[in-house]
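Since the structure comes first, as structure tokens, the remarks are kept for the end.
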Amino acid sequence: MTEETKIPPKHPRAESLRIREKLIKHFKSGVVAQAGLIAHGRGEAFDYLLGEKTTENARRAFKAVAATMLLAKKPVISVNGNVAALAAEDINKLADVFNAKVEVNLFYRSREREIAIKKVLDEAGVKEVLGIDEKMSAQVSELHSERRRVDKRGILVADVVFVPLEDGDRTEALRKMGKTVIAIDLNPLSRTAQLASITIVDNIIRVIPDLIKEGRKLKTEKLKKLQKIVSDFDNRKNLSNAIKLINKRLLELSEKGVYITQVLQKRRDIR
Ligand code: PTJ
């Protein structure tokens with residue numbers, strides 16, 4: 001019996017538990033780093049605060065992302081352990097829609113993890129996986145972590161770098177290099193969220209399928225329209241809106257006590 005089959009299908013948080021099991025499975029196979037489990041917990045907490053749904057604000061951001069990716073000359077999607085575990089098939093479709101390269105880039109880098117992640121991406125149908133061939137490796141001098149190692153055919157020469165679920169200082173370094181950086185991060189306060197050119201404050205699991213649809217929709221649009229979508233977008237406003245949304249939601253919940261009281265009213269056996 002797998003861990004997954006133990007989750008009662010009627011459990012009120014069955015989907016969330018299934019996602020956790022997926023990460024644990026990939027942790028055991030060496031794809032996800034130990035810290036990846038902690039990162040997931042932090043993401044879950046922010047998702048709770050956001051109401052676990054895609055907001056209008058996030059929709060505006062991913063529309064700007066789709067336009068940016070379509071305008072890009074050399075877009076690259078950076079994949080870490082959590083991204084491979086949660087969204088490998090979608091990453092393949094995303095790369096297809098935007099004609100983007102896929103590169104493995106790890107904070108907790110080891111040869112074993114690189115190989116394990118490549119396997120997951122291969123199985124998901126990704127045709128070419130960059131970032132693991134030593135001969136093609138270059139260094140980004142602005143960076144001091146293992147993330148400094150990039151592929152000469154990928155991130156090094158990219159104009160747009162898509163970095164879902166990112167840590168720390170890479171976004172800043174990539175922006176200093178003149179690159180457009182796109183982040184997906186449930187935490188609008190993280191350094192990456194704050195320093196990216198465009199930040200989608202949403203769960204990677206929900207947002208990538210929608211981003212794929214948006215990309216397909218915008219693909220036939222004229223260049224001018226895509227450029228306007230990008231120039232009309234303001235990431236400071238986007239982040240500020242995300243924080244306001246959390247604030248508003250918490251205020252409403254705390255004033256009305258909506259969630260807890262409603263649940264308890266239905267459960268007369270609980271006082
Ligand atoms: O695989 P590696 O070695 O490259 O390491 C990957 C992790 C994720 C461990 C590494 O990048 C890391 O330590 O990241 P942080 O600093 O924990 O940041 C990850 C960010 O992703 C946090 O701000 C989380 O809120 C956010 N996050 C976690 N899960 C999700 C998420 N954002 C969107 N969707 C999620 N499902």
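Note that ligands are numbered from 1 as they come in the structure, with each ligand's atoms numbered from 1 the same way. Note that the coordinates shown come from a computational prediction; the quantities given were computed from them, not determined experimentally.
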Query raised in the report: Considering only protein heavy atoms, which is closest to atom 6 (C) of ligand 1, and at what distance to one decimal place?
Result: Asn80 ND2, 3.7 Å
Report summary line: closest protein heavy atom to atom 14 (O) of ligand 1 is Asp167 CB, 3.4 Å
Query raised in the report: At the 4.0 Å heavy-atom cut-off, does Arg113 count as touching ligand 1?
Result: yes
Requested in this report: Would you kindly specify which portion of Asp202 sits under 4.0 Å from ligand 1, judged on non-hydrogen atoms: side chain, backbone, both or neither?
Outcome: backbone
Report task. Any atoms of ligand 1 less than 4.0 Å from a non-hydrogen atom of Gly36? List them with their elements. Result -> 9 (C)
Requested in this report: Check for a donor-acceptor pair, side chain of Asp159 on one end and backbone N or O of Lys73 on the other, with a separation under 3.5 Å.
Outcome: yes
Report task. Could you check atom 18 (O) of ligand 1 against the protein and tell me its nearest heavy-atom contact, residue, atom and distance included? Result -> Glu166 O, 3.2 Å
Query raised in the report: Short N/O distance, under 3.5 Å, between Leu186 and ligand 1?
Result: yes
Query raised in the report: For ligand 1, is there an N or O atom under 3.5 Å from any N or O atom of His40?
Result: no
Query raised in the report: Which residue holds the protein heavy atom closest to atom 34 (N) of ligand 1, what is that atom called, and what is the gap in Å?
Result: Ile204 N, 3.0 Å
Query raised in the report: Do the side chain of Ser197 and the main chain of Thr180 share a donor and acceptor less than 3.5 angstrom apart?
Result: no
Query - Test item: Arg170 side-chain N/O and Phe107 main-chain N/O as donor-acceptor pair under 3.5 Å - result: no
Report task. Could you note down all residue pairs passing salt bridge (Lys or Arg N to Asp or Glu O under 4.0 Å) where residues 97-106 supplies at least one of them, sequence neighbours left out? Result -> Lys101-Glu128
**Report entry** Nearest non-hydrogen protein atom, atom 24 (C) of ligand 1
**Finding:** Asp185 OD1, 3.7 Å
Requested in this report: For Gly81, take its heavy atoms, then give the atoms of ligand 1 lying under 4.0 Å from any of them.
Outcome: 1 (O)
Query raised in the report: What are the atoms of ligand 1, with element, lying closer than 4.0 Å to any heavy atom of Phe107?
Result: 2 (P), 3 (O), 4 (O)
Query raised in the report: Between Asn105 and Ser78, does any side-chain donor sit less than 3.5 Å from a side-chain acceptor?
Result: no
Query raised in the report: In the protein, what heavy atom is nearest to atom 31 (C) of ligand 1, and what distance, to one decimal place, separates them?
Result: Leu165 CG, 3.6 Å
Query raised in the report: Which residue pairs satisfy the salt bridge (Lys or Arg N to Asp or Glu O under 4.0 Å) criterion with at least one member in residues 178-190, sequence neighbours excluded?
Result: none
Requested in this report: If you have a sec, work out which protein heavy atom is nearest atom 15 (P) of ligand 1 and how many Å separate them, to one decimal?
Outcome: Arg42 NH2, 3.2 Å
**Report entry** Atom pair CZ/OG1 of Arg249 and Thr55 - distance to nearest 0.5 Å
**Finding:** 11.5 Å
Query - Under 3.5 Å: N/O of Arg109 near N/O of ligand 1 - result: no
Query - Closest approach of Ser137 to Arg149 (non-hydrogen atoms, all atoms of both residues) - result: OG-CD, 3.8 Å
Query raised in the report: About how many Å separate CZ of Phe98 and OG1 of Thr68, when rounded to the nearest 0.5 Å?
Result: 9.5 Å
Requested in this report: Select one of side chain, backbone, both or neither to describe which atoms of Arg147 lie under 4.0 Å from any atom of ligand 1, heavy atoms only.
Outcome: side chain
**Report entry** Within 6.0 angstrom of Asn99 CG, more than 12 heavy atoms from elsewhere
**Finding:** no
Query raised in the report: Could an N or O of ligand 1 be found under 3.5 Å from any N or O of Leu86, whether backbone or side chain?
Result: no
Query raised in the report: How about Asn241 and Asn238: does a side-chain donor come under 3.5 Å of a side-chain acceptor?
Result: no
Query raised in the report: Hey, does the side chain of Arg216 reach the backbone of Val97 with a donor-acceptor pair shorter than 3.5 angstrom?
Result: no
Report task. Could you list which atoms of ligand 1 come closer than 4.0 Å to a heavy atom of Ala39? Result -> 8 (C), 17 (O), 24 (C), 28 (C), 29 (N)
Report summary line: among protein heavy atoms, the one nearest atom 36 (N) of ligand 1 is Asn203 OD1, 2.9 Å
